Structures are given as structure tokens and as C-alpha cells.
Amino acid sequence: MAPSAVPQQQDVDLTAAAVQRKEAQSHATNGTTPQELDASRLTYTLTSKPRPVPDEAVANAGDETVATDHMVTAVWRAASGWAAPELKPYGPLSLMPTASCLHYATECFEGLKVFRGHDGRLRVFRPDRNAARMRMSAGRISLPLFEPAELEKLMVALLTVDGPRWLPKERPGNFLYLRPTLIGTQSQLGVQAPKEAMLYIIVTFMPRMDSPPGGMRLHTSPEDMVRAWVGGFGYAKVGANYGPSLMATQDARRRGFHQILWLYGEQGECTEAGASNFFVVWRRKGDGKRELITAPLDDKLILDGVTRRSCIDVARERLAGEVEVTERKYTIAELVEADAEGRILEAFAAGTAYFICPVSQIHHRGQDINIPMGPEGKAGEVTSKIKGVVGDIMYGREQHPWGVVIPEKE
Ligand SMILES: *Cc1c(COP(=O)(O)O)cnc(C)c1O
């Protein structure tokens, strides 16, 4: 065999190789280095018409998401890099109908909440993780990379301007929702990596969805539909993952369920619940030990949720004697078996939108798995403890490095 027949690394491992190449480019240090995203260059144009701040119920009642007065935008061009980011009044974007994102799904986003703490302070929860994840998602769909810390600074800058009025000290225990977004904007229908892109950050109201009364009811995904697959992009928060999943979710809702439990492969591996990660607490087969189990990250099927990671960390650090944490593949058949043997103790979905939400039922191929709930239809013991710790950090009842305080003028 000729030496040229030896496969190159990128022949076998394109996703990894392409991202590495992109990173190398973005760190090139010749005279024509494109500008990096730089939060210190942020310019401020404040609105002359601040809108009245609605209360939460009113804001969430309409068909349109209500955003705060300002947004941050930053434009990127392949030749020059990132232009100075701008903080300016919230309003429509201007895009050509040929813009890349409108045709080829060159779009990724993040979602995180900003909390008004019981101590009066404003906090975001582990924003470094969202910023790092957004960079990873951007790389996966050939959008420009950036230093995650700069994105984090831009989020903080926007919240410093809009936070005090839109989430005032008189509303402890409330939150707003941050949506950093990156889109390919090049107006060129050729199917190629866009040479122009726009980053924007908005802050919006979001309905409280923590816990449907009686717990969340899941319907397993239909056999002819998968959310994500090995070699795909289920691990990236790219818009292309969500549109195609809406049909199954809508159908499940029609039948009285809240979310889809996405199964994968011949064996029906449990992956995620809607756009949340999924956890089960059970008595482990064999030794009967109490175990918290969730799908692993290594085959890149599921999203590396900030809430998921925090649940795992909290369970490992603070519930060490009470529950063992396991990240491994597990199947719906294992849940059916555990249910028949009375070993399922609790289950919950974990993500920014629903936070930590107890699951009371899984409907699978005509069969119901009924999962115990805690007293008064609340979360069970392990779920409640984890939720308590993470919630305390979010709302400043516990001072912790995960809760990043937003500076505000007094
Ligand atoms: C956003 C998201 C999650 C939750 O991630 P968090 O960082 O905890 O909000 C889980 N799964 C999918 C598919 C998601 O899009």
C-alpha cells in the first residue's frame, strides 16, 4: 500500500480537526491578525425612550417575548475580525433575505437567567460555562470564535445597564432571561462558511416553568424520530437541533404530556427530556445502593447542561454518603425493569428553563412508568436537596463562586 493511502487525521476526525484549525487561525499572530472580540471597546448608546417595566404576569401573557430596553451587538467580518461591540436600544435587526443563517442554520445561542437575590443583589449563574459552550457551538457551525471571557463581560455590561430597572430590588426571587445569539449574516447564497456574522445579546422575560402541578409527564420519542445522533451536533446549542423536534413535542402536548423523553438507538438509550437533561434516582440493580444516574457526554449526543453539571457536582460534594452519581448509558428497558421491581425512587429534568423539575410519569409504547413524588406532590428527597443547594446559590442565600454578582450603581 502506498504511503499516501494512510488516512490523514482529518480524514477520520473532521469535526475535531476543523475546530483545531479554526482555533489555530484565531490565534495567528502576524501583522494582519483580525481583531478579537473585545468587551473593553464596548460603546454605549442609551435609549431616549425607556419603556415602562411590566410586571411578570403581564409581560409573559402576550404572544411576543418582552425584552428590556437595550441589547448588545457585535459584527464580525472574516477580513477584519470583530468590530467594537455596541450597547444600543433594543429593536429589529436588519438582514438581507440571502443571509446565511436564514438558509443554512448558521445560528447558535445560549440561555441563562439573571436572578434578583434575596440579599438584593443581581446574579448570573456560572456564565463562564455558557460562554465557553457558545464558543464550542459557534465552532461546530463554522461561525467565528471568540474569547469566552469577553462574551461574559458583554453580558455583565448589558445587565449592569438594564438589570436595576427591569429586575428591581423590590422583586427578590424573580429572574430575567439572557439570550446571547450568534448568526451568519453574509448575504451570499453559496453554501459555505459565512464570512460575516453578528453576535447579539438580549435580556427578556420568561415564564416560570419550574414545576407543573403533579410533576412533569414525559412521553418517549416515536420510533421514527431521533433528536440527535452520534456524529451529529446534539451536543451543540445550535438552532438546527430545535425546529425539527417541535413536531414530536407538539404531538406529546396534544396527548397531555409536557415533554419528550428522547431515546437513542436500537436499545432505546435515555438521553434528554425536551431541551433539558434527564436524571433518575433508583436503587441500583444488584447491590440496592441509591444511585443518581444520567446519560454521559462522551458520545456527544446530549447537551452539556450547566444545570446538569451543577446537579452532578452538588450530589458528589454534598450528598456523598446518601447517593452515588453515575454518568453512563442506560436504556428505557432498564427503567421499565426497575419500575417493575419497585426500584425507581425519583426522576427529574434539569435545565435553565425548567430548572430542576420532578418527573412523575414516563409513557412508553402504551405503558406507564409512574415515578414517586415527595410529600404534597413536591420533589423527592434527593431532587429537593440538589434543587435547594443550587437555588440557594442562584438567589444569594448561599455565597458561592458559581453566583456571579452583577455590579450595580447604588
Ligand atoms: C439548553 C439545553 C439544556 C440545558 O442546559 P442548561 O445549561 O442547563 O440550561 C439541555 N438540553 C438541551 C438540548 C438544551 O438545549
Side-chain angles (χ1 to χ4, degrees), residues 105 107-115 123-138 140-141 148 151-152 155 175-182 204 206-211 216 218 221 225-230 232-249 252 258-264 269-280 292 294-297 299-315 327 347-357 359 383 386-387 389-391 393-394 402-404:
E107 189 264 4
C108 63
F109 62 96
E110 270 306 321
L112 60 162
K113 286 175 177 164
V114 52
F115 305 92
R123 283 181 183 80
V124 279
F125 184 73
R126 307 186 79 176
D128 56 326
R129 296 231 57 98
N130 293 91
R133 190 170 68 191
M134 181 134 169
R135 180 182 197 274
M136 178 277 292
S137 299
R140 181 65 182 82
I141 50 172
L151 173 59
E152 193 181 335
M155 295 194 265
F175 59 80
L176 292 172
Y177 180 73
L178 268 148
R179 172 54 69 92
T181 311
L182 181 54
T204 73
M206 175 192 249
R208 276 168 195 273
M209 323 198 271
D210 306 5
S211 297
M216 187 185 264
L218 303 178
S221 49
M225 207 183 276
V226 279
R227 187 196 90 88
W229 47 92
V230 171
F233 41 88
Y235 64 98
K237 220 169 174 75
V238 297
N241 274 323
Y242 302 87
S245 74
L246 302 178
M247 189 195 270
T249 312
H258 297 102
Q259 288 294 339
I260 296 283
L261 177 59
W262 292 102
L263 304 181
Y264 180 71
E269 291 160 29
C270 301
T271 62
E272 303 202 58
S276 301
N277 295 113
F278 181 61
F279 288 79
V280 174
L292 175 66
T294 197
L297 300 175
D299 54 7
K300 298 193 159 178
L301 270 180
I302 68 162
L303 199 91
D304 179 0
V306 180
T307 320
R308 173 189 181 279
R309 202 173 266 266
S310 306
C311 290
I312 291 173
D313 292 348
V314 164
E327 296 171 72
F348 62 90
T352 296
Y354 284 90
F355 189 32
I356 293 170
C357 178
V359 169
T383 311
I386 296 173
K387 188 173 174 178
V389 173
V390 180
I393 296 172
M394 288 170 168
W402 289 350
V404 174

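Small disclaimer: the values here were computed from a predicted structure and weren't measured. Note that these values count all heavy atoms, side chains included, but never hydrogens, waters or copies made by symmetry. Just so you know, ligand 1 is whichever comes first in the structure, and atom 1 is the first atom listed for that ligand.
- At distances below 3.5 Å, not a single donor-acceptor pair connects side-chain atoms of Asp304 with backbone N or O atoms of Tyr235.
- A donor-acceptor pair is defined here as one N or O able to donate and one able to accept, closer than 3.5 Å; no such pair exists between the side chain of Thr307 and the backbone of Ala350.
- Applying the salt bridge (charged side-chain N to carboxylate O under 4.0 Å, His left out) test to Asp128 and every residue at least two apart in sequence or in another chain returns nothing.
- With sequence neighbours left out, the side-chain hydrogen bond (donor to acceptor under 3.5 Å, both in side chains) criterion links Ser310 to Arg126.
- Taking Ser276 as the reference, nothing meets the side-chain hydrogen bond (donor to acceptor under 3.5 Å, both in side chains) condition, with sequence neighbours excluded.
- Residues with a heavy atom under 4.0 Å from ligand 1: Arg133, Arg227, Lys237, Tyr242, Glu272, Ala275, Ser276, Asn277, Leu303, Gly305, Val306, Thr307, Gly351, Thr352.
- Checked against the 6.0 Å centroid threshold, Phe355 and Phe125 do not count as a close aromatic pair.
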